[in-house]
Each structure stands twice: as structure tokens, then as C-alpha cells.
Amino acid sequence: MIMEKTENKGIIFDIQKFTVHDGPGIRTNVFLKGCPLRCLWCSNPEGLRSKPQVGVYSNRCIGIDKCGLCLRVCPKAEEGALVIKDNRIDHINRNVCTDCLLCAEECPSQGTLKIWGREMSVPEVLEIVLADREFYEKSGGGITLSGGEVFRQSAFARELLEACKTEGINTCVESALHCDPDLLDIVYPQVDLVITDIKHMDSEIHKTLTGIGNQRILDNIKKTATMGLPLVIRVPVVAEHNNDDINLRATAEFIANNLGNQVKQVQLLPYRELGVDKYEALGMAYPMADFTPPERIVWEADIHHLVELMQEYGIPVVAGTTIKYDI
Amino acid sequence: MQNPNSTNLNEIDACGVVPINKEWGIGVSGVENPSPFSRTNQILKRWRDTKWSVDHERAVLLTQAYKKYAGLSQQLKTASAVAHILENVTIRIYPDELIVGEIGAPAKAAPIYPEFSYGWVQRELKESPFRDRPIVAHVTSEKTEKELLGISDFWLGQTVEDEAISLLTEDQIKATHLGKAVFSLQLYLHGGVGHTHLNFKEVLNLGYGGMLEKIQQKFDACDNTLPQDIKKREFYQSQLIVLKGMIEYCNRYARLAMNEAKSATGERQKELVKIAENCSHIATGTPRSLWEAAQLMQFTYNLIMIESNGHSVSYGRMDQDLYPFYKKDRENGVTKEWQQEMLESLFLKWAEMCKIRDWGTISNNGGHGMGGTTITVGGINPDGSDATNDLSYMIVDATVHTRLGEPWLAVRWHKNTPRDFKIKCANAIRVGFGRPKLFNDEVCIPSMERYGRSPEDSKNYAVVGCVEIDAPGKEYGWHDAAYFSMPKVLELALNNGRCFECESVGKDLCPRYSICAAKGQRLGLETGSLAEFSSFEEVKTAYDKQMQYMCDQMVGAINSVDIAHQRRKPLPALSLLTEGCAEKGMDVSAGGAIYNYSGPQAVGVGTVADGLSAIKQLVFDEKKVTGGEFLTALLSNWEGYEWLHALVNSEKVHHYGNDDAYADELAAFGADTYCKHIENRPTAHGGVFLPGVYSVTANVGLGLILWASPDGRKAQEPISDNCGAVHNKAGAHDVQGPTAMLKSVCKLDHVRMGNGTLLNMKYSPTSVSGEAGRDNFIDMVDSYFGMGGLHCQFNIISKETLEDAYENPAEHENLLVRVAGYSAFFNDLSKPTKLDIMDRTELSFD
């Protein structure tokens, strides 16, 4: 299928070079903004909304008396969009703010007002990705599209991935796969590896954990396998939420019985309290604020137990992301 | 899988004793018993239980000899003094060791070398004793203090330092640390030069007996009527004096070992008898086994350390030099395990040697170090094929099994280095003690050739000290001749040749004030000010002119110090171990070596790049501030210009280290301008100058005396280290991760920087964990070297560990970190250096 060249632009909230855990080799991760899921443990809250946003890191502000540039350019300053406390910008009143981004563009200090979400064209992203070509070639790495949800921007994703393939760059997509299955047909021809996750096998519980049921996701995972795409499946192991034997056995059975031999690796990942500062910067409540994670020794033992349990089903399950697999 | 103990060498691939893919753990440098050999662990315990100290005996014997031989020529006097020490200094053999020999002082005791400089020894003994130093303390007995003070009068005005200073011009003095350093000469003003390789091949092939015969023939062949022959005869005579002293030194250890064997029992008795035989045989003979070869290397190294306290005398390509002995032993049925255990004993001897330096140097650099006693392994053969062998693996293992400050380890990495060996190296690096450091053959060899070495010698390069590539046994490279502050040159270029500080607050504190501003002078040239420049080109032109002027001052000053060394401290022992000297009949200090260079280092390439970038972007491209405002901000140390300070430190300004051509081109300009005014200028000992770009820790010291700089640095903060990016207190400037950093570094011309470049990278343990982490790490190095990088080295320790070590030093006694070209115990570092290491961007893979 040949698609027409479009003027597609993507909303990117981060590009990270030299990532080594999301696909083989040394990679560049491009994070697309906007996600239909609301996972309780999400560590990238800046990737949820589609529109660009400003995050506030008050501790980095050099002082309104010494600077004050944000107040000078903010069109809603008089209405109190920027809230000042102790001579520093404290937070943004999101009810007033129009996300015009002017304050962050003017702010001289690194990271006080941080913009998450930039409109970028395919050639702009490609240039950054190609800069590390030497490293991909040596290590078998390439680009990983992540999010947010990649399939929310499927036209842009498809065009970017196609451009990468044309350059001979290995491509990987990391997605929750909660999307119209037809989009897979559009994007997958440009993809070398799919990384997805199974958060819970029970659709009702899945809904309480992520805001949506899992039927579409599981169907799409099956479709991915049927289409012959190499697949890595991750399971975020969160105590008191999804780490019971019953769920993991169900997950293992699904992988063993429904996906043929397409799964390259199943990775069990621990819950980490990451991203809390980002929630705060965005003025969002951390959904798992009341949750006290177990001690490291406990969750490590838990994960190893679950790895052994899932191995009974003959699937290539491992703890963490640092064990090599071939694609 | 091959049998590691097979005696048929054709059957075994190079592999070492422990499995190639053995993982020692990640970020675990401080373990108690790192070796599988109990002997190694026992000696390590003794090492830890022994305090650093100072010993007076060498200094006292030297002074005696200078008095006794007062009438002799300087060449003969210095030779006789070395022989006097060899023949009379107290010697010892320590429990468990298989290799014996000392540098004229007990284990972990620093000898004193009054002939180079003595003012600081006297001053510190009286005012701030070595034992009371807050870091790097050395205990001293009352007797030692008394003896050392007793010889001060003799050395007053008689040292190399005294003569060197008398040769400097007033402009040179203004620019050195005697004023407030634009460049620091400290190292060679206060001590010997070192920074070379010993010609171990000659000793291993001829033995001292063979060398004695060779020199005797040359001596006999001199025509005593010819003026040039009279000088040669004097030189050969000095060598004969040293050789005779050396043979006696070996025999003294043989007698001591035999004596101790009498009272020893069991296995130790047998070992001591064998040690006695070894020492006795190699006093004149050539080694018959790896053990004897190692003992001969050790004695030879001791000789050079007794002669001079020059730093960074390195071991060269040990896996190549010793391989014939190793192979013969294996064919004779000696096990690989035994050879490994013996090698570890040798490594531990090398860790026993120590030196003391003046507090001014130590407070910046820290360390008890020998500078950089670097072993080089790997690389290629003369025909271009891979040279990695069994000993290469064993040497990496020995380094991991001993984990002390010395010796250092360099690996020559090239296109055909076996993947197995890369895995071995990566696993060693992941231990987190900063070794080995890696060098790229594909860049080092062309750089060797560029500065006039033969293709064969270029292929045989080895690493001296931190990163200085050198033709082993054939070169006297003066590799650490000075540290030069490029940011200071930029300051003068922005302010019409005047120091910022002088116009701000500090003129009364400046030691050069009376010979500078007070006389209506300025430190640099009048080349205009940022307030007046109408284009960025004018900034660059001013930088170029100031650079030329300061390079002139430095070249002149280094050559003056060079001349003082030649006159006051000829080196007959080192001349024996440097090819060319015997043939020319000339001392190595005067230019006897085949290759001669002087290599001063430029510091602060990142600081200059980001300073120029900020000025170009904000003053000339975007016109956000005027040149005058920017200058005022700098003069006021950013006070009142906090927003500009923040902006300059933010991502909104182009920064070196992010694979951003805008800033990276300015880094190349900053460094090339330095190289242009340094390279190929004549040195006093008959060679040419080689530029290098690295700082070791001089970036901290040079930063302490520098006012604010336009990269967003406040006064006194460190300038950027080595080839690294800026990491000011207000923020690290490399924010795009390691691949971008590596690509930026590759935009510098590493071949041109013949005295070496250096890149430190720090990773958290999680970023290199697992097989995937290890392999990505190797692939990253391969990519970097494929793009033209010369060197890299790694700290793999979590920031939490460093912070904890900073707060609770007692719990981290064994924590080794990579400082610059070397690793040091974290606790031995000064506070600013500790902070500097902690602030280096922690590059994470995840």
C-alpha cells in the first residue's frame, strides 16, 4: 500500500537518544503525545493530553525580582494564570491558562517552565534520529516510537517510520494497542518490532486500572501476532493491583495459546514510583498517592516467583529489560 | 571450550585464567577480598593496614653523595649519587610477596627528592606538617623530620626550581602560577619529568651484564683527544657508575632473601630461596622465566624511581614484552594459575610505591600517586594483525583482582580486537573502578605518525600516564609539561587584555599585581573589548591574538625549565633505558632519545566553546544583550544579571556536547587555535611541541583562580574537564545523552592533539546492567571510535553512592573513582574535586 505524501505533523513530548531498554541495541525514543488510557501507575503524565502543556518546577525559578519575564509576556497575567509564592513561580492556574506557552518560551532558566509537546514535521524528527545512525549500525538499534499512544497519531507515525525504513533504520513501536485494528494494517508494514503490554486479563479490573476494558487490546495483540510481527510483551507488576497468580497464569495462557511463536520475550517489570514530580509540575494528582509499594526485597522476590510461574507455560519470560533477545 | 591449563599453546586461544565473560558485579570497586588468590588478598590486607608515610633516607644519602662527590661534573655527580643510594639504602622483603624491590623507601613511604625543589618540603615540615594534612596525610617520624630539616641549608638555592625561575622573564612569571596561572608549570618545577616508558626490551634481552659490556665498549672506543668524545666519555662513565650500583642493588636483595630464608619455614622458605636465586641471576644475567622477567622489570622500575620522582613512568606493552617468557614457561609446564598469582604480586608491588607532592598541588589533585604507572595491553602487531594474547586477559584480571590506585591499565582497541576481549574489558569497567581506559588504534597510530615517528614505532605505541601516546623506550616526551587555561585567554580577549578580577574586586589579592597593573601594564595584549566589537569575527580574532601571546609565554617558560633540568639533573639511569642515548652518547635530558617532544595541555575546551557560543548567539545573532551588557555581567560575576546567567546555562543557548554544530564548531575553533600556536615549535631538548587537550584535575585549580566566564560559570567554579562538556553549578550543558556527547567530541581534531585527549563519562550501574547493557556499552565504544574518538574512560558508580561517600567517608575507604586519566580513592580527593566528580552528568541508558 502506498500512501500519499502528507504534510503530517506530530505532537512530540520528548525525544530521548541512547535508550537501550525499548528494543534491541542503542535507540532513539520518540514520544508521541496523547493517550486514551489512564493507567494508575502511568509515569509519563505529560504524554496523556494531546495538546502541548507547560510544567512548573518552582525550585528552579531564579526569583521574580531578578527576572519576572514570564509575568511580562503572559496574556492572562492579570487574571492570575501564573501563581507566585515566595518570589517564585509556584504553579499555573490551569483554569485561566490557555496553554499559549509564551511564558515557557521566554523563561531563561533551564526547566523552570517546561514545555511538553512540540509540533514537529517528519523531516525535523528524522534529522534528530539520523544523527545517531553510527550507533544503530554497530548495535542493531534504531528508532522506537512510544508515547502517549503511537496510534493516536497513526498517519504521522506511519510516515516517520516509513522515512526511517527508507534510510535503513530499524523501527520499533511501543503501544498499548488500544486502537482501531485497521490502523495496524496501515502502520505495521513499516515496523520491525512491536512492544506492547498486558496490564490485566480481566476486562473489568482492566477498566478500573486503566479506564478502559481490555478486549480491543487483546484482539489487537492477536492480530499483531497473526500478521507475523515480532512481539515483546511487558507486564507491569503492581502489588495489590495485578500481581496475583491467577492473573499472571491467565496472561501466560493467553500468550501460549493465542499468539503462536511470535513472542520474542515477555518482560515482567516492577512498579516504580516514577513521574511523581511531573504530576506535580502539571498540577495533577498522582493517582497512586495512597499506595505504599513493597520493599525492594519483596517485589524482587515477587517478580522472580511470577517469572517461574509463567515459565511453566513454556513462554520466554524474563525479569526486567536487560536480557537480550533476537529479532 | 579450551582447557586453560593446556600446555600446548597452539591448542588454546587467548583467554586468561578466569572465564572471559565472568561478571564481577557492577559498581562494586570497594570489596574486601577481590582476588581468588589468598596471597593477593593477604598482601592487600597488609597494604590497607600500612599507613602512608615519608622516609628521609634517600634524601640524606643523596645529600651525602653530593658532598662527597662535590668536585665531579654534574653528570658524574648525579650518577654517583644514584649508585650511592642503590648501594646503601635500607632494603626489605615483605611477607608473602613473590616480587621484591623498593624505591629507596619502605612500602607506602614517599622518598624525598631535594635536588628538584626543597623550599616546599622545608616550609611544610615547619608550618603544616604532612601528617596533619586534611587529605593525603603522610605520617613522619621525629627522626625523619629532623633529618629532612637538617639538609635544608645544603639545598638552599641549589635546586632545579631555583635555576628554572632564574631563567624566566617577567612576562612569563606573570603568566605562570608564580603569578596567577594562565598556565601552570608546577609539576616540572617541583619535581622530575618522568612521563616516559622504559626500554624493557633492552634489559630483558641483554640483562645488566650485557648492558655493562655494551657501554664499556662505547666508553673504550672514545678518542680522549676529541672534544665531543670527551663529553661522550663522561656520559658513558656516568652510565657505568649507575650499572655497577644497580648490579649491587640486585645482589643485595639476593643476599637478604637468602638470609630471611634461613629463619623461614615450609613453602615460604622455598619461595625465599627462589627469590634469592632470581635476584642473583638477573643481577647480570637475562631472565629465564616469567618470574625472573617480572623481577627484572620491578628492579628496573625501582632504579628509575630512585633516580628521579618524575611521574607517570609507564610500563608499556607488558603483554607483548613478557609474552615470550610466558610462552616458554607454559611449554615447560608452569601453570597459568601460578603465573597469574605471581603477576598479581607484581601489581601489588607497584601499588606500594608512593610519592609526596606539595600541598598546593595535592589540594587540587589529591592522591599519593606515582602519576600514572600505566600498563598498555592489546593493540596490533607490526603487520597490522591483532596482538591480543593470553597475558592481555591475565593483566585485566590482575587489575580487577588487586583494585588499588596503581597500576593503571590502558587497552588498545581496534577494528579487529576480539569480541571476547572487549567483553572482558567491559566487565572490568563495570566493576566501577574506572579501569581499563580505552584507546583507539585507528586514531592514535596516525597521530603518532603525524608528529614524525616511524610507521613501525607508531604501530607499537603505548600510553604514558593519563592519555599520552608515546613510542615506548624511544621517546622523551615531556608529556605533562604544563596546564594551560584557555578560558583565561578568552577572558583577556573579551576585556582588552585585562583580567576581569583586577577590574572588579581582587587586585589586592593578585600576586602579580605589583609587576602588572600597578606598573600600568596588563596581563595580555590590547586587542579590544566585547563592548566595542562589532562582529563575532572580531571576538575570534582577539582570542587568536591573545592565544598566540600566551602560547609564546608558555613555550618560553617550558623551555627555560627544560634547560634547568638539563643543567642540574642529568638522568644517567633513565638514559640507559631510553633508546638513542647510548648511540648518541648523550643524556636523555639533553635530547639523547630518538624522539623528543614537550606536551603542554589545554584545559577548558567546553568552557571556551559555550562562552563563545553564548556571545555569538545572544550578542551578535539574536541581539538579546549588547556586548557591553554581557561584559558588565561578567565583571560583576553575574550579580544583577541573574536572568542572563540562567539563560546562558539553559538549553536555549547552543552548547557543546549535544551534537549541535553551532557550538561544536566553536569548540573545534577554540582548541585548534591553541594547537596552531603550540605544535611543532622547538623544545630545548631537541624536539618539538605537541598540543594536548585534557585537564586531569587542573580544571578545578584553574577554575578556582578564574573570574566569571561567559559560558555561565561563576567565579571560582571549575572550568570544563578534559574534552567534556560544561557542568556549571547552574547546570550541566550536555543534556542529549552520551551519543550526542561522543559525536561532539569527535568534531575535535584528535589526530592533531598529539599529546592526547581525554573523555570521562559517568554511568549509573543500572544503565549498563545485564548482557544487553554490556553489549550496548561495547557497541557504543565501537561507534565512538569509528567516528574518530581517541580515548574514553568510565565511572560506573551511582550518584547515590558518591553522595553517601561524600557524607560518610569512613564507610567508603576502598571506593575508587575515575578522576581523569587516573583512578583515585574517593577519600583522597579534595572537596572541590569530589564535588566536581559528583556534578559530572550522570549518563543513564534508561
Side-chain angles (χ1 to χ4, degrees), chain A residues 14-29 43 60-70 72 104-115 127-141 265 267 269 272 274 318-326, chain B residues 26 618 624 638-653 655 658-661 712 728 730-733 735-744 746 763 766-789 843-846:
Chain A
D14 201 3
I15 297 180
Q16 265 184 13
K17 294 183 172 187
F18 209 33
T19 55
V20 291
H21 295 150
D22 301 325
I26 295 166
R27 312 190 71 84
T28 297
N29 260 21
S43 56
R60 295 181 187 168
C61 177
I62 61 169
I64 300 299
D65 60 337
K66 296 191 170 103
C67 177
L69 287 167
C70 53
R72 247 175 276 164
E105 273 159 14
E106 199 60 25
C107 175
S109 87
Q110 177 78 14
T112 304
L113 293 170
K114 190 168 170 54
I115 297 177
E127 190 188 340
I128 296 170
V129 172
L130 290 180
D132 280 7
R133 184 197 280 277
E134 292 92 341
F135 296 96
Y136 312 145
E137 281 171 1
K138 284 274 191 246
S139 67
Q265 197 168 63
Q267 302 173 341
L269 309 181
R272 291 242 172 79
L274 295 173
V318 298
T321 58
T322 61
I323 296 170
K324 288 188 90 164
Y325 51 89
D326 296 320
Chain B
I26 299 178
L618 300 177
K624 271 210 159 184
W638 304 102
E639 258 174 59
Y641 291 85
E642 286 77 7
W643 66 273
L644 184 58
H645 179 247
L647 181 61
V648 166
N649 279 299
S650 80
E651 273 179 276
K652 287 173 180 155
V653 169
H655 287 153
N658 298 293
D659 193 18
D660 173 350
N728 291 334
H733 286 191
V735 294
Q736 294 295 326
T739 54
M741 182 69 231
L742 293 171
K743 286 196 72 188
S744 286
C746 288
Y763 296 90
T766 53
S767 63
V768 290
S769 57
E771 209 183 34
R774 179 196 75 195
D775 287 355
N776 284 325
F777 178 82
I778 292 170
D779 295 335
M780 179 199 65
V781 173
D782 276 336
S783 309
Y784 172 56
F785 282 173
M787 292 184 293
L843 301 162
S844 183
F845 289 57
D846 52 8

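Letters A, B, ... are given to chains in the order of the sequence lines, protein chains preceding strands, and every chain is numbered from 1.
Across all non-hydrogen atoms, the minimal contact from B:Lys743 to A:Asp132 is CD-OD1, 3.9 Å. Smallest separation of non-hydrogen atoms from B:Ser650 and A:Ser109: CB-C, 4.3 Å.
Using a 4.5 Å heavy-atom cutoff, the side chains of A:Lys66 and B:Tyr641 are not in contact. Side-chain atoms of B:Glu771 and A:Thr322, non-hydrogen and from C-beta on, never get closer than 4.5 Å to each other. Counting only heavy atoms from C-beta outward, the side chains of B:Met787 and A:Phe135 approach each other to under 4.5 Å.
Residues B:Asn776 and A:Ser139 bring no donor and acceptor atom of their side chains to less than 3.5 Å of each other.
Residue B:Asn649 touches chain A through its backbone alone, counting heavy-atom pairs closer than 4.5 Å. Of the atoms belonging to A:Glu105, it is backbone heavy atoms, and not side-chain ones, that fall under 4.5 Å from chain B. With a threshold of 4.5 angstrom between heavy atoms, B:Leu742 approaches chain A through side-chain atoms but not through N, CA, C or O.
Comparing B:Asp659, B:Asp775, B:Ile778 by heavy-atom pairs within less than 4.5 Å of chain A, the highest count is held by B:Asp775. By number of non-hydrogen pairs under 4.5 angstrom with chain A, the leading residue of B:Ala730, B:Gly786, B:Ala772 is B:Ala772. Among A:Pro24, A:Cys67, A:Cys107, the residue making the largest number of heavy-atom pairs under 4.5 Å with chain B is A:Cys107. Ranked by heavy-atom pairs under 4.5 Å with chain A, the list B:Gly770, B:Ala646, B:Gly731, B:Ala740 is led by B:Ala646.
Atom OG of B:Ser783 is separated from atom CD1 of A:Ile26 by 5.5 Å, given to the nearest 0.5 angstrom. With values rounded to the nearest 0.5 angstrom, B:Trp643 atom CH2 is found 7.5 Å from A:Leu69 atom CG.
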Task: Trace of the side chain to side chain contact (heavy atoms under 4.5 Å, CB included) decision for A:Gln110 with B:Lys652 - done: CA-CA 8 Å; A:Gln110 177 78 14; B:Lys652 287 173 180 155; over 6 Å; no
TODO: Test B:Tyr784 against A:Glu134 for side chain to side chain contact (heavy atoms under 4.5 Å, CB included), laying out the working first.
DONE: CA-CA 8 Å; B:Tyr784 172 56; A:Glu134 292 92 341; over 6 Å; no
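Distance alone, capped at 3.5 Å, places no donor-acceptor pair between the A:Lys17 side chain and the B:Thr739 backbone.
Heavy atoms from other residues, nucleotides or ligands lying under 6.0 Å from CG of A:Asp326 number 12 at most.
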